[in-house]
Amino acid sequence: MDFTFDLSEDQLALRTTLREFAEAEIAPHAGEWDRTSAFPAATIRKLGELGVMGLPFPEEHGGVGAGTLPFAVALEELARVDSSVAITVAASVSLGGAPVLQFGTDDQKQRWLVPLARGETIGAFASTEPGMGSDVQGLSTTARQDGPDWLINGTKAYITNAGTELSSFVTTTAITGERSPGKPEISTFIVPIDAPGFAPQRPYAKMGWHASDTRELAYQDCRVPADALLGERGAGARVFLATLDGGRIGVAAMGVGLAQGCLDHSVRWANERCAFGQPIARYQAVSFELADLKTRIDAARALVYRAAAHKDARRSVTEEAAAAKLMASELAVHAANVAMQVHGGYGYMEESAIPRFYRDAKILTIGEGTSEILKLVIARQMGLSV
Ligand SMILES: Cc1cc2nc3c(=O)[nH]c(=O)nc-3n(C[C@H](O)[C@H](O)[C@H](O)COP(=O)(O)OP(=O)(O)OC[C@H]3O[C@@H](n4cnc5c(N)ncnc54)[C@H](O)[C@@H]3O)c2cc1C
C-alpha cells in the first residue's frame, strides 16, 4: 500500500497545465460571467481540446483513458478559480457521459459518448423533479410504450447542462411500470435535446453557479425511440445510484478546489494587508485559522483521492464517495466564510472573487446528495439500521 500520496509525473503535469489554463483563460473572465450569467461555451470547447472532457473515458470511446483521479485533479484546478466552469465539466462527464459508458450499448456510446468525450457536446442527467429530489423513488415522470417508441411525460427540476448551445442529450429517469405493488419500476432514457415534446425552460435565477446552465425541463408526450432506453428496463435505480457514486467524487473534488482557491486568496491577502502597523498574517487569530484550513483541505483531498483511486481500481466507492463529498463540501462552505472574514470589508465587495466563492460553495452540500443523505449512506454502510 502506498502512503506517500504523491501524484504521478503525468498527474502533476496535468495539474500544472490546468492551473495555467485556469489562471490565464478563466480567472480574468469569471467575475464577468458570474455577473452576466454568461455560459462560457468557448472555454468548455477549449477544455475539450485539452482532453479534459475525456479524461476518465477509454480512448476507444473518444476519451483519454487517464482515469478518475486525474479527472478529480482537473476539477480541483477548475473549481479553485471558477465553480461554474467546474460544474459544467463535472456534470457533463460524471452525470452525462459516465452512465452511457457504464450501461450503454456500443451504438449509444458511439452516438452520445464519443462527441461528449471529445468536448464537442455536453450531457446532462435529469432525476430531480419539482416534488422530489433526495427521495429518488418518489418520482412522477412516466414513460409508456407507443408502438416501437416511448412517450415520456413529466417535469424535471434544477437540471444542469440541458439548455446550452453544446447540450446534446439528457439522461432522464421515468416510471415505466410497477416492480411490485406500490413500488415503481424506474427506467432511464437518453433523451436527445431535439426530441419532439422535450422543452427546456428558462434558466433559473440562482444564488451562485451563475455561469452554469440550470433549468426546469418539460416532457409532453416526448417521443424517443426504443433504443433510447439506457440499461435494461427497470434498471433505473441502479443506473442512478452508480452515476451518483461517481458524480460525488467530482463534486468533492470541486469542494477541495474551491477551498484551495479561498485559502490561496487569503494567504496572499493576509501577507499584504496591514492593520495596527503590521501584516494581519502576524496575528495568530488569522494565521492559525489559515493553518487550520490548510490542514483540513489536505485531509479532504486525501479522501477525494482515495475515492477516485478506489473507483479506478473498480472497487465499490459508495461509502468513500459519500465521505469525500460530505467532508469537502462542508469544508468549502467553511473556507468561503474564512476567506471573507480574513478579507474584511474588501471580501464583501463583488470586485474581489470572495463573494462568488461564498455564493458558489453552498450548493456543494445540496446537489448530488445533501449532507444529510450522505450521512444516511455512510451510516447504512456502517451497518446501522437507519
Ligand atoms: C444548481 C443546482 C443544480 C442541480 N443539478 C441537478 C442535475 O443536473 N440533475 C438532477 O437530477 N438534479 C439536480 N439538482 C437537484 C439536486 O440534486 C437536489 O436539489 C438535491 O438532491 C436535494 O433534493 P431536494 O432539493 O428535493 O431537497 P429535499 O429532498 O426536499 O430535501 C430537503 C431537506 O430535507 C432533508 N432530507 C430529505 N430526506 C431526508 C432524510 N431521509 N433524512 C434526513 N434529511 C432528509 C435534506 O437533506 C434537505 O436538507 C440540482 C440542484 C441545484 C440547486
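Atoms within each ligand, like the ligands themselves, are counted from 1 in listed order.
Note: H343 and Y348 fail the aromatic proximity criterion, with ring centroids not under 6.0 Å apart.
Applying side chain to side chain donor-acceptor pair (under 3.5 Å) to Y219 and the options T172, N153, T155, T141 leaves one that passes, T172. Of the listed residues (M340, R273, E351), just one forms a side-chain contact (heavy atoms from CB on, under 4.5 Å) with Y346, and that residue is E351.
Near ligand 1, F125, A126, S127, T128, M132, G133, S134, Y158, I159, T160, K206, W209, T214, I363, I366, G367, E368, T370, E372, I373, L376 each place a heavy atom less than 4.0 angstrom from the ligand.
With hydrogens and angles left out, the side-chain atoms of K206 and S212 include no donor and acceptor closer than 3.5 Å. Under the 3.5 Å distance criterion, with hydrogens and angles disregarded, a donor-acceptor pair is assigned to the side chains of E76 and Y305.
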Side-chain donor-acceptor contacts of residues 183-192 below 3.5 Å, not counting sequence neighbours, with atom names and distances?
{"unit_1": "E185", "atom_1": "OE1", "unit_2": "T176", "atom_2": "OG1", "d": "2.5"}
{"unit_1": "E185", "atom_1": "OE1", "unit_2": "R233", "atom_2": "NE", "d": "2.8"}
{"unit_1": "E185", "atom_1": "OE1", "unit_2": "R233", "atom_2": "NH2", "d": "3.4"}
{"unit_1": "S187", "atom_1": "OG", "unit_2": "T176", "atom_2": "OG1", "d": "2.7"}
{"unit_1": "S187", "atom_1": "OG", "unit_2": "G234", "atom_2": "N", "d": "2.8"}

